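This report concerns only the one structure given below.
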Amino acid sequence: MLAKMQSRRWILAYLLVVLVSLHGGANGFYLPGTFMHTYTPNEVISAKVNSLTSIETELPFSYYSLPYCKPPEGVKKSAENLGEILMGDQIDNSPYQFRVNVNESVYLCTTDPLTKEQAELLKKRARDLYQVNMVLDNLPVMRFTEQNGVTIQWTGFPVGYNPMGSNEDYIINHLRFKVLVHQYQAQGDVVITSEDGVAMVESDRKSGFQIVGFEVVPCSVRRDPEAMSKLKMYDKVDSVKCPLELEKSQAIRENERITFTYDVEYVKSNIKWPSRWDAYLKMDGAKVHWFSIMNSMMVVFFLAGIVFVIFLRTVRRDLTRYEEMDKEAQAQMNEELSGWKLVVGDVFREPCCSKLLCVMVADGIQITGMAVVTIVFAALGFLSPASRGMLLTGMIILYLFLGIIAGYVGVRVWRTIKGTSEGWKSVAWLTSCFFPGIVFVILTVLNSILWGKKSTGALPISLFFTLLALWFCISVPLTLIGGLLGTRAASIEYPVRTNQIPREIPERKFPSWLLVLGAGTLPFGTLFIELFFILSSIWLGRFYYVFGFLFIVLFLLVIVCGEVSLVLTYMHLCVEDWKWWWKAFFASGSVAFYVFLYSINYLVFDLRSLSGPVSATLYLGYSLIMALAIMLSTGAIGFLLSFYFVHYLFSSVKID
């Protein structure tokens with residue numbers, strides 16, 4: 001008793017230390033600018049620039065890797081959270097400064113003559129469709145283009161372009177900004193949050209302007225470099241319109257000097273500050289999402305009907321008839337057993353690679369818990385897109401702390417299979433290292449490729465050590481604590497004894513794994529439409545914010561996975577196949593195989609602009625991580641429901 005109390009105190013003390021340490025370091029990854037800010041007229045605000053991105057290469061590069069104008073105070077990086085660094089974001093200050101509610105045309109700088117390397121790099125970035133991502137008051141810059149009479153909305157603007165029929169490449173060197181502002185009238189006390197994250201109440205808050213939109217029209221304008229170089233940064237220049245003639249556009253050539261200028265126009269808007277992200281998060285295709293949900297519900301009802309038949313018309317009928325017999329009739333029936341009743345002495349026989357099964361089920365529950373909590377918080381609006389990288393950061397933190405549940409589940413399943421707690425430490429240790437270890441190896445390979453390309457998507461070595469520290473200082477200890485709790489939980493007893501000699505499984509025409517592999521098509525049918533939108537969000541730079549739909553799809557996916565695994569487990573038992581453990585896991589987990597195939601299909605047919613083996617390798621590497629996580633999650637759900645079904649089935653009838 002004393003030892004148990006001491007272990008509980010040790011666990012509570014460890015959790016307290018972890019929480020305090022996280023609180024102390026929380027501000028290290030804080031990104032300001034996600035709260036309402038009211039500007040006074042003529043107040044100077046600066047735009048920031050993020051990494052250059054392209055849907056052709058998926059390799060982000062630093063903005064200042066190209067010969068752009070630099071701010072007078074020098075390039076300074078903004079604070080970034082864990083998710084931003086992992087996504088390859090690199091937010092720097094820029095020389096673009098705006099005076100609130102002042103329309104003006106401004107000169108920035110004229111570059112030195114371009115070297116051959118600079119000219120070639122600019123041409124390559126322009127031909128690879130690289131976009132400049134600029135941010136003002138935490139709003140990404142937006143541009144609109146007309147294609148076939150349809151207005152298309154984009155975030156960012158191109159580095160340059162190559163007109164059809166021309167051998168020249170042209171750089172975007174003049175930007176026409178439109179800043180939408182909402183005039184704010186202060187009313188009483190206002191609760192605000194400062195840039196260091198401290199909340200306060202201001203009673204004397206002044207009226208002013210709030211930025212609710214940030215648009216740009218990119219232009220290429222050829223100017224006289226000799227005349228422009230005599231100007232100083234932020235001097236006024238004459239406003240120009242975007243020229244349509246190529247002769248008046250700025251070509252990218254060796255020894256060419258390029259002048260950068262910009263216009264800014266302020267337009268009053270009725271859009272209020274809380275609604276300013278609506279233009280970015282507007283997603284077409286709501287009917288498609290509802291179609292996806294209805295399609296999933298049809299699969300759910302179809303499988304629910306099969307489960308209903310199994311339970312009420314088959315299992316319950318057999319059990320009721322058995323219970324109504326006298327002892328002599330039961331003994332005679334035992335001699336005439338058929339189907340699932342024949343494997344009563346082998347159904348709970350230990351499966352092969354039982355430790356690996358426990359580890360995969362535990363990791364699957366950890367991933368499922370992370371996904372559910374993250375999607376619920378996102379659907380409730382706690383993970384705003386204005387807080388870049390917070391979604392990924394939240395997922396990582398949740399995964400770390402859910403290690404305690406993974407350890408508990410893994411060791412509990414291990415105890416059930418083995419009948420003893422011996423060896424639980426190795427199960428808990430493998431649980432904490434299996435999935436993160438695989439992801440770490442894949443990310444290391446991909447990161448070495450990014451390092452070779454000098455991309456900002458490459459993780460700095462310091463972040464590798466940070467992730468390792470989080471892994472070994474939080475996830476591993478919590479998993480071991482969960483395993484310790486699992487050893488002290490009430491054990492799950494098998495309802496029947498296991499024979500010493502295994503029963504021979506009858507031969508079948510077709511291998512059972514074909515049925516298991518085919519079963520994955522049903523869960524895949526519930527999520528493939530939503531999967532398309534998620535892949536488009538990740539690889540085409542679109543915003544995804546329909547987490548309500550995603551939560552419904554996740555809920556239906558869990559139901560379908562459980563039903564599919566349960567039905568296939570029952571089918572295998574009916575043909576006297578008592579090796580159901582792994583088949584129950586992969587019956588629902590095989591959906592990952594189709595997810596990975598769909599990812600390849602998306603690469604071939606929807607990401608046709610993706611160029612080069614490096615980009616394809618990155619895409620396939622990240623898709624493999626996603627498929628592995630889905631396999632573990634869905635497999636764990638299917639296995640646990642199948643286990644409880646088999647336990648209930650054989651505990652309902654006593655067969656000697």
Side-chain angles (χ1 to χ4, degrees), residues 30-39 45-51 53 78-81 83-84 87 89 91 96 98 100 131-145 151-157 177-184 190-195 197 199 208-216 264 266-286 289 374-395 530 533-534 536-538 540-551:
Y30 178 76
L31 178 65
T34 57
F35 302 97
M36 183 172 66
H37 193 111
T38 303
Y39 298 95
I45 53 177
S46 298
K48 296 182 179 180
V49 286
N50 204 339
S51 300
T53 56
S78 297
E80 294 175 325
N81 58 45
E84 286 180 297
M87 291 190 300
D89 289 347
I91 302 175
Y96 291 91
F98 307 141
V100 176
Q131 302 279 319
V132 177
N133 300 292
M134 195 172 290
V135 180
L136 181 67
D137 194 41
N138 212 41
L139 277 182
V141 70
M142 184 190 302
R143 66 185 174 94
F144 300 92
T145 58
T151 302
I152 301 178
Q153 173 183 309
W154 304 84
T155 54
F157 56 89
F177 292 108
K178 180 191 290 186
V179 181
L180 304 181
V181 292
H182 177 75
Q183 193 161 6
Y184 174 78
V190 179
V191 179
I192 65 168
T193 307
S194 63
E195 291 195 344
F209 296 95
Q210 297 169 348
I211 296 175
V212 294
F214 186 35
E215 301 173 6
V216 68
V264 57
Y266 285 85
V267 177
K268 291 186 178 180
S269 172
N270 293 324
I271 300 172
K272 294 186 178 180
W273 195 90
S275 304
R276 65 180 191 159
W277 274 90
D278 291 355
Y280 299 87
L281 304 180
K282 188 188 302 179
M283 291 190 68
D284 298 327
H289 291 284
T374 302
I375 293 174
V376 167
F377 272 83
L380 294 175
F382 289 103
L383 299 176
S384 168
S387 303
R388 288 177 297 274
M390 286 306 297
L391 184 67
L392 187 56
T393 304
M395 291 173 66
E530 214 62 37
F533 287 100
I534 293 173
S536 299
S537 169
I538 296 173
L540 296 180
R542 299 173 184 171
F543 285 100
Y544 183 90
Y545 206 63
V546 286
F547 291 105
F549 284 114
L550 186 59
F551 178 76

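Here the structure is a predicted model, which is why all the values come from computation and not from measurement. The residues of the chain are indexed from 1 along the displayed sequence.
Contact detail for Asn138 and Trp277: the closest heavy-atom pair is O-CZ2, 3.4 Å. The two atoms that bring Ala47 and Phe98 nearest to each other are CB-CE1, 4.4 Å, heavy atoms only. Across Val141 and Glu215, no two heavy atoms sit closer than the pair CG2-C, 4.0 Å. For Asn133 against Gly156, the heavy-atom pair with the smallest separation is OD1-CA, 4.2 Å.
One distance of note links CD of Gln131 with OG1 of Thr53; it measures 6.5 Å at 0.5 Å rounding. We find the CG-OG1 distance between Leu139 and Thr155 to be 12.0 Å, quoted to the nearest 0.5 Å. Considering CZ of Phe547 and CG of Leu391, their distance stands at 5.0 Å, rounded to 0.5 Å. Here the straight-line distance linking atom CD of Glu530 with atom CZ of Phe549 works out to 7.5 Å at 0.5 Å rounding. One distance of note links NE2 of His37 with CD of Gln210; it measures 10.0 Å at 0.5 Å rounding. Atom OG1 of residue Thr374 and atom CG of residue Leu550 lie 10.5 Å apart, to the nearest 0.5 angstrom.
When the shell of 6.0 Å around CZ of Phe157 is examined, it contains more than 12 heavy atoms from other residues, nucleotides or ligands.
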>> Evaluate Arg143 against Val216 for side chain to side chain contact (heavy atoms under 4.5 Å, CB included), listing each step before the verdict.
In response: CA-CA 5 Å; Arg143 66 185 174 94; Val216 68; 4.1 Å; yes
>> Does Ile45 form a side chain to side chain contact (heavy atoms under 4.5 Å, CB included) with Asp137? I'd like the steps, not just the answer.
In response: CA-CA 8 Å; Ile45 53 177; Asp137 194 41; 5.9 Å; no
>> Between Leu380 and Phe551, is the side chain to side chain contact (heavy atoms under 4.5 Å, CB included) condition met? List the steps.
In response: CA-CA 11 Å; Leu380 294 175; Phe551 178 76; over 6 Å; no
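With sequence neighbours excluded, no residue satisfies ring pair (Phe, Tyr, Trp, His ring centres under 6.0 Å) with Phe144. Among residues two or more places apart in sequence or in another chain, the ring pair (Phe, Tyr, Trp, His ring centres under 6.0 Å) test is passed with Phe214 by Phe177. Qualifying side chain to side chain donor-acceptor pair (under 3.5 Å) partners for Lys268, counting only residues two or more places apart in sequence or in other chains: Gln183.
Contact annotation: the side chain of Val179 approaches that of Leu136 to within less than 4.5 Å [non-hydrogen atoms, C-beta and beyond]. With contacts defined as side-chain heavy-atom distances shorter than 4.5 Å, the pair Trp154/Pro140 does not qualify.
In terms of modelled atom types and a separation under 3.5 Å, the side chain of Arg276 and the main chain of Ile211 share a donor-acceptor contact.
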